Amino acid sequence: MSKMPDSSLITPKALKHLKKRRAADARFRLYGIAAIVFALSALALLVIAIGTRAYSATTQYVYQTEVLLQADLVAPEGETSEAEITRNIEGFYTLVRDKLFTEFPEATQSQATRQELSELVNRLAVLPLAERVAANPTLIGKSIKVRVPLSDDLDLYFKGSSPKDVTVRVGSAGKVQTDAEGSINLTGTPGLSKVVSTRSLLEEGQTTGSVLLAGGDAVARVEALTADAARLTLLTGELEDLTQTPLIAHIIPLPEAERPISDQQIAWAIALKKAGNARRVLHTSLLTHTDSTYPELAGTLAAIVGSLLTMMVTACVAIPMGIFAAVYLEEFAPRNRLTNLIEVNINNLAAVPSIVFGLLGASLLLGTFGLPRSAPIVGGLVLALLILPVVIIASRASLRSVPPSIRSGALAVGASRMQAVFHHVLPLAAPGMFTGAILGMARALGETAPLLLIGMVAFVAEVPNSATDEATALPVLIYSWASNAERAWEPMTAAAIVILLSLLVIMNVVVVFLRRRFERRW
Amino acid sequence: MDTVGPAKADLALTGEGADNTQALTYPRIDCKNVSVYYDDKQAVFDVSLAIHDRAVTALIGPSGCGKSTFLRCLNRMNDTIEGAKVTGDIFMEGENINSPDVDPVLLRSRVGMVFQKPNPFPKSIYDNIAYGPRIHGMVDGRDDLDAVVEKSLRRAGLWDEVKDRLTQPGTSLSGGQQQRLCIARAIAVRPEVILMDEPCSALDPIATARIEELIDELRKRYCIVIVTHSMQQAARVSQRTAFFHLGNLVEMGDTDQIFTNPRVRRTEDYITGRFG
């Protein structure tokens, strides 16, 4: 053998090239991984942001008590018909309110405090109770356990989001005595120094906020505070109770005038919670109630049903139309200028902004054809038009992926063109077609703009029964909730978004399942 | 140039009843002045030839010579290609199958076809065979269909290999088995003619040998036209050979004569490997 010639594979030049190529390779791989990491973290951020916001809406604070369903209140004129009882919200509300009055007798002293206490429970919150009794009139005269949602402001307070409440353990109370002017003086309580320091930290030296002291069943407001003594005003409970258990101080830095609930209401809330009458329960009404102007009573049921009805109309129109159009264009239509034009237009339609379809629906379906406003049938038709191009394009792509040899095979044994398509091509293309259809449906489910234009943004308090009833849809509900000013709507909106996302996830799972189940190899 | 005379309307000798395993000299298919155009481009020029019953006719020639296109005229598969136009007359048992009055679907049940790449339906082996008889309503009941499936698979030499797994997908078979399945599928609709478009080009030599044996066996019952790139294959399986070049039929004759004593220079050049 002669010496290896210079054309060896391992020359310095070749090595340099190799190194360069490997570096390029590694770089490219890195870019790809970076892109995926970025996408995943964006997704995670989204889920976490919405999830944490929605989390507080998964539970709700309710006032739990037992009421005696007095016949004269719930069914005044001896009326026991379902409609009569359901209409008598005032009577049920009186029952619940009176229960609160017996719990906090001090509130009955003036009209103002009566009003304040009544605000803890919304008047309409007794509607489910009224419906329950109406459905079962034998309950009248009996004592039953009821749960009514507390007002949204109280709910937010309990959940610690607004107003902020910082609790400090004061420890055992010293001596309490009432002086000649009627004010209560607490002395010999060294634990109060902690309250002083915490308060000055929270309020930056000012004393505009409130401090409430809770002990036993009693809650008192601190009027003046020193390191071991305080002047108090009793807000609820008996004075003797205050010293029965170790004191807990609630420091609320926000001045009373700037928050929706007063010190008095907070005092009642603290007492209610302590007595176990204010409970945190699963917020099922989010799924079982219809929309309401009060966040503690609002639910998504009507919007979910509205969305489902709309989707049904969309599916019934867009899927068959899209599939048949795709089959015709792909398998039967001649290739000429006209079909080319149609193809270009279908592709263009897929890129038309959705609000344009809303305008079309408003002017054509509502204006010309006189279909009912705010109805799922109109929404469904508009969304069907919107996703039709997507369904057609996906179906055509999936038909095109069926190898032509399958068609030839069928034709060669004497199948007609129609038989070849329906017996062989369609079954093979079906998973892809359904994937496209469901992805289109998922897009339709999240559409807001076209529905706004055809009036599906109306406030709907009744669950729609048919596609021609007034209805709204989930994304539109989210839109209207998000534009409400009250803070309590924020977690509600997030929760509605989670519901919408779950529906989308379910649809996507169906897609994956269909793919796995029906995908065949050839 | 050897061209066989036009077919006689008298086809008694070529009917199903004739128990003659020898190649008959009477043609089953008689083509006259067949031309094929793809849009404006002409692919086959004025081809006239006769295809004999109970014999294998091989169409040979270099790529793009129009042999496959010509083959596809025989079961009107060119109809399915947009822009394709076939002129001329193709007589089968006295009927012009190229006439617009002839239903290509019916024709294809009498002229089966096997393709270059095995293309079984992604269904069970049984359903692959049963599909044709079912859509043509050739069978009454399950037993009848079972019999047709078995007979077709037996004739295609596949029965012993698949009889225990008829419910398995046809695509799970090996390439050679798939191609025999496709042959069985073609046989199942009881055709008189079987067209084969390079049936072995995707197969290994052993599978090819099996298909060739099968073709030789099938020749006893059917009229077979095979397009092949392999001249050895043409020599091995066919009795008649037609050589195509640039869309023209250059020469046609008995296989022995074409391979040993071609009359046209171009044929000789092609067979001896000087072009192609």
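Fair warning: this is a prediction, and the values are worked out from it, not measured in the lab. By convention in this document, chain letters (A, B, ...) are assigned in the order of the sequence lines, proteins followed by strands, and residues within each chain are numbered from 1. Only heavy atoms go into these numbers, but all of them, side chains included; no hydrogens, no water, no symmetry mates.
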Asks: Can a donor-acceptor pair be found, under 3.5 Å and without considering hydrogens, that links the side chain of B:Asn119 to the backbone of A:Ser405?
Replies: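 Checked: pair present.
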Asks: Between B:Arg108 and A:Leu411, what is the shortest heavy-atom contact and its length?
Replies: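 Heavy-atom minimum between the residues: CD-O, 3.0 Å.
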Asks: Do the side chains of B:Pro122 and A:Leu428 get nearer than 4.5 Å, heavy atoms only?
Replies: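 Yes, their side chains come closer than 4.5 Å.
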Asks: Report, as yes or no, whether the 6.0 Å neighbourhood of atom CZ on A:Phe28 holds more than 12 heavy atoms from other residues, nucleotides or ligands.
Replies: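 12 or below, so no.
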Asks: Can you list, pair by pair, the side-chain donor-acceptor contacts under 3.5 Å of residues 344-354 of chain A, counting residues two or more places apart and other chains?
Replies:
| from | atom 1 | to | atom 2 | distance (Å) |
| --- | --- | --- | --- | --- |
| A:Asn345 | ND2 | A:Leu341 | O | 3.1 |
| A:Ser354 | OG | A:Glu447 | OE1 | 3.0 |

Asks: Could you tell me whether A:Phe434 atom CZ has more than 12 heavy atoms of other residues or ligands within 6.0 Å of it?
Replies: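 Counting other residues, nucleotides and ligands, CZ of A:Phe434 stays at 12 neighbours or fewer.
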Asks: Let me confirm one number: the NZ-NE2 distance from B:Lys123 to A:His423, rounded to the nearest 0.5 Å.
Replies: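 NE2 of A:His423 is found 7.5 Å from NZ of B:Lys123.
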Asks: Quick check: under 4.5 Å, non-hydrogen atoms only, which of residues 139-156 of chain B neighbour chain A?
Replies: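 Within residues 139-156 of chain B, no residue comes under 4.5 Å from chain A.
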Asks: Looking at A:Pro334, is its backbone amide N or carbonyl O close enough to the side chain of B:Glu82 to form a donor-acceptor pair, meaning the two atoms are under 3.5 Å apart?
Replies: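 A pair under 3.5 Å: no.
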Asks: B:Ile135 versus A:Ser416: any side-chain heavy-atom pair under 4.5 Å?
Replies: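 B:Ile135 does not reach A:Ser416 side chain to side chain.
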Asks: For B:Val111, is it the side chain, the backbone, both or neither that has a heavy atom under 4.5 Å from a heavy atom of chain A?
Replies: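 Backbone only.
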Asks: Any chance the rings of A:His424 and B:Tyr131 have centres within less than 6.0 Å?
Replies: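 Ring-ring flag for A:His424/B:Tyr131: true, centres closer than 6.0 Å.
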Asks: Which pair of heavy atoms, one from B:Arg185 and one from A:Gly409, lies closest together, and at what distance?
Replies: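 Of all heavy-atom pairs spanning B:Arg185 and A:Gly409, the closest is NH2-CA, 3.6 Å.
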